[in-house]
J.: 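The structure under discussion is supplied below as structure tokens; questions concerning it will follow.
These numbers were taken from a predicted model, which means no experiment stands behind them. Protein chains get the first letters and strands the later ones, always in sequence-line order, with residue 1 at the start of each.
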Number of protein chains: 2
Amino acid sequence: MNGSIADPKAVRRTILRNLRSALLELGSATKAELSDRLGVSFPTVSKFLGQMEKAGELLPVQLDDSSGGRRANRYSYNPEVMLGLALFLERTETSYIVFNCAGEVKDQGHAASVLTADITDFDALIAALVNKHPQISAVSVGVPAAVNNGRLIYIPEYEQFHDLDLKAHCEQRFQLPTVIENDMNAAVYGYYMARHQRSELQPSLVYLYFGQNGPGSGIMLDGNIMRGSSFFSGEVSFVPLYDQYNFGEAMRASHPHPRFPDGDLSVDAVARLIAVFAAVLNPHGVILSRHEANEGLLAQLEAASQAYIPREHLPAFILSDWEQDYLYGLQGLSLDLMLSREAGGN
Amino acid sequence: MNGSIADPKAVRRTILRNLRSALLELGSATKAELSDRLGVSFPTVSKFLGQMEKAGELLPVQLDDSSGGRRANRYSYNPEVMLGLALFLERTETSYIVFNCAGEVKDQGHAASVLTADITDFDALIAALVNKHPQISAVSVGVPAAVNNGRLIYIPEYEQFHDLDLKAHCEQRFQLPTVIENDMNAAVYGYYMARHQRSELQPSLVYLYFGQNGPGSGIMLDGNIMRGSSFFSGEVSFVPLYDQYNFGEAMRASHPHPRFPDGDLSVDAVARLIAVFAAVLNPHGVILSRHEANEGLLAQLEAASQAYIPREHLPAFILSDWEQDYLYGLQGLSLDLMLSREAGGN
DNA sequence: CCAACATATTAAATCCGTTTAATAAGGTGA
DNA sequence: TCACCTTATTAAACGGATTTAATATGTTGG
């Protein structure tokens with residue numbers, strides 16, 4: 001009936017999630033530390049930790065060092081009580097990773113691509129993994145597709161998955177909270193969450209990628225993934241940049257072009273694309289994959305884009321590891337689900 | 001000490017604001033209607049309305065029509081208890097509007113531009129208006145400048161206002177809650193809030209404007225104004241669109257150009273700019289001023305942009321009245337402040 | 001016109017987190 | 001070792017919204 005201003009259920013869940021993530025981030029903490037870090041009163045922290053302890057979520061406690069008076073109890077979270085499962089659905093294969101709350105990988109492997117097969121392979125893989133690791137309590141799936149709240153909106157080449165609500169499918173089949181995310185979006189999220197504390201002011205980031213299947217990008221604004229009204233946002237290959245070419249065409253091959261007699265459009269094209277982002281979104285940073293670029297190229301891009309945009313409004317040029325960020329992203333999405341589960345839930 | 005999960009002060013303020021805005025939107029309502037519209041319990045609604053009635057915020061009540069049982073009391077808000085003041089700081093002049101909570105204009109007028117003068121003129125104008133209308137309880141100011149939380153970050157040509165914290169200045173001088181906003185941003189906000197209920201899913205909109213001082217745009221994403229990391233977002237004139245020209249240059253004059261022998265770049269340039277927005281942000285709509293465009297041009301743009309972006313991912317092409325939207329925007333910003341004031345505030 | 005019913009309002013009980021007070025536990029110096 | 005100090009934890013009182021019960025005020029049909 002409620003749900004708007006002060007839903008007690010929701011408050012409870014937030015407190016719980018915050019306690020768990022604070023304990024994981026800090027490694028260990030006292031009740032007082034948690035209380036003022038989270039802005040929740042001491043008695044409340046105490047009550048929740050009591051429940052968590054009873055549920056076996058906390059590791060055997062040590063005593064804190066003295067600071068002049070009575071020594072406080074220290075608590076730390078047992079990262080093994082729940083496991084997460086991340087699935088990477090790629091064109092050539094499907095890979096998976098099982099990890100605990102601290103992000104440590106407990107199991108991993110590959111399987112034939114389920115994209116080229118069908119959904120039963122997917123189900124079988126999850127069933128086997130859940131059977132092997134009954135502690136799994138959340139699932140995240142990365143896909144090279146446009147996703148709308150768990151539904152695969154647009155997935156080129158793989159007709160059998162078109163318009164499938166993968167989230168609903170998983171949740172009802174395995175009774176596990178599930179999140180589906182586009183690969184580029186998962187990567188920006190991963191890059192972001194691996195280095196920013198939850199409390200900081202949220203940056204805007206663009207992850208740029210030039211795959212063999214055409215370029216793509218993931219955009220995060222103030223900590224939120226940007227999807228667009230028809231899930232088209234970030235489709236940078238369509239951006240018109242030259243009299244004759246859009247970004248995709250300019251990249252497809254180094255077109256010979258009267259204006260660029262050396263024949264290499266690609267540096268200028270990317271610089272222009274970054275200029276577009278700067279003039280439209282003005283993000284804090286633009287990220288490129290280390291596998292597709294290096295410091296030298298970055299410097300060239302930085303110089304070239306200053307021809308279009310005043311330096312002080314250009315984003316930071318960042319090199320990162322796409323595979324790693326993608327992995328972190330899916331882990332983070334699972335972790336979010338895990339930490340939000342009800343106490344003693346299963 | 002608190003402020004994070006359940007700050008009672010904040011809860012109180014939200015309830016109050018929601019009650020006021022619901023009463024204004026609905027015209028009148030019963031306690032039961034308010035209760036389930038806002039998701040706040042009946043007793044709480046009852047308590048708040050009691051206080052508001054005592055404070056004179058409610059208009060004399062009528063009885064509701066019967067629906068088979070006891071007839072309920074109807075309440076409606078007295079829009080005259082507070083007035084708002086909106087100031088439009090433009091290059092050529094400064095204009096102002098005084099209005100009540102229902103948006104009805106109570107007073108309006110012009111004065112010499114304060115931008116070309118200095119801040120004392122500004123203060124004098126407000127002082128006079130507040131003196132004339134003591135009911136004024138919130139101020140909003142629209143400026144052709146980049147604004148960071150009330151501070152004028154970048155205001156070309158008017159050095160004396162550079163880096164001035166106008167919000168702090170007003171609030172301490174007049175003891176009135178104040179909001180400062182960039183003109184384009186106020187316009188998108190105005191367009192949006194004049195036709196969307198607070199509860200609906202929030203659209204993404206781009207307001208495009210081609211002034212004599214160069215083009216600009218205001219961007220709203222999911223109901224939030226987009227500002228950018230260095231307050232540069234929406235500076236569309238920098239967007240590179242052609243081998244030789246960025247958007248600003250292409251618009252500056254109808255350049256003769258080998259690719260466009262008819263010499264009219266401007267339609268294509270705007271179509272390209274819209275394509276850029278579609279591929280990057282994928283907004284629901286792009287809005288143009290009726291004073292700068294008409295249905296014919298809109299149709300041309302719509303056709304031209306399909307050369308760059310598949311039709312289904314293009315935004316809606318919208319014609320609107322910029323002056324009107326700007327006005328609504330500033331009114332809305334003031335109204336927000338007014339409705340958030342403490343009960344019996346003054 | 002009155003019994004039976006429907007809906008509105010008011011009052012009491014409850015829930016949950018916070019604030020404040022009381023108690024426990026460990027340090028320190030004479 | 002014992003007062004005394006500092007800090008941790010537990011217990012009680014409080015605040016504010018919600019849920020549930022009780023009461024008030026209408027309507028309707030015989």
J.: Strictly below 4.0 Å: does A/Lys47 bring a side-chain N or O up to OP1 or OP2 of C/dC16?
T.: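 Negative; the distance criterion is not met.
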
J.: A/Thr44 side chain N/O closer than 4.0 Å to the phosphate oxygens (OP1, OP2) of C/dG17?
T.: no

J.: In whole angstroms, how far is the P atom of D/dA17 from the CG atom of B/Leu49?
T.: 13 Å

J.: Got a sec, which residues hit salt bridge (Lys or Arg N to Asp or Glu O under 4.0 Å) with B/Lys54, two or more places apart in sequence or on another chain?
T.: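 With sequence neighbours excluded, B/Lys54 shows a salt bridge (Lys or Arg N to Asp or Glu O under 4.0 Å) to no residue whatsoever.
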
J.: Would B/Glu57 and B/Asn78 count as a side chain to side chain donor-acceptor pair (under 3.5 Å) here? Give the steps.
T.: CA-CA 6 Å; B/Glu57 290 190 66; B/Asn78 177 359; over 6 Å; no

J.: When the distance from CG of B/Leu34 to P of C/dT9 is rounded to whole Å, what number comes out?
T.: 11 Å

J.: Would you check if there is a donor-acceptor pair between the side chains of B/Glu80 and B/Asn100 at a distance under 3.5 Å?
T.: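 There is such a pair between these side chains.
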
J.: Rounded to the nearest Å, what distance is computed from the CZ atom of residue A/Arg12 to the P atom of nucleotide D/dA17?
T.: 22 Å

J.: Could you give all pairs that pass the salt bridge (Lys or Arg N to Asp or Glu O under 4.0 Å) test and reach residues 169-178 of chain B, with sequence neighbours left out?
T.: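 Found B/Asp123-B/Arg173, B/Lys167-B/Glu171.
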
J.: Hey, what are the protein-to-nucleotides 4-8 of chain C N/O distances that come in under 3.5 Å?
T.:
{"from": "C/dA8", "atom 1": "N3", "to": "B/Arg70", "atom 2": "NH1", "distance (Å)": "3.4"}

J.: Could you state the atom-to-atom distance from CD of B/Gln51 to C1' of D/dA17 in whole Å?
T.: 13 Å

J.: Rounded to the nearest angstrom, tell me the gap between atom CG in B/Leu19 and atom P in D/dA17.
T.: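 Roughly 11 Å, once rounded to whole Å.
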
J.: Rounding to a whole Å, what distance do you find between A/Glu53:CD and D/dT9:P?
T.: 11 Å

J.: Nearest of D/dA17, C/dG17, D/dT19 to any side-chain atom of A/Ser41?
T.: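 It is C/dG17.
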
J.: Over how many whole Å does the gap from B/Leu38 atom CG to D/dA17 atom C1' extend?
T.: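 That distance rounds to 14 Å.
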
J.: Return the orientation label for the A/Tyr189 and A/Tyr192 ring planes: parallel under 30°, perpendicular over 60°, tilted otherwise.
T.: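 The arrangement is tilted - the two ring planes meet at 30° to 60°.
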
J.: May I ask you to evaluate whether B/Lys31 reaches the phosphate of C/dT10, defined as a side-chain N or O under 4.0 Å from OP1 or OP2?
T.: yes

J.: Nearest whole Å is fine: how far is C/dT19 C1' from B/Lys9 NZ?
T.: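 Nearest whole value for this atom pair: 15 Å.
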
J.: Donor-acceptor pair, A/Glu33 side chain versus A/Thr30 backbone, under 3.5 Å?
T.: yes

J.: Pairing donors with acceptors under 3.5 angstrom, does anything connect the side chains of B/Ser334 and B/Ser140?
T.: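 Yes, side-chain donor-acceptor contact under 3.5 Å.
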
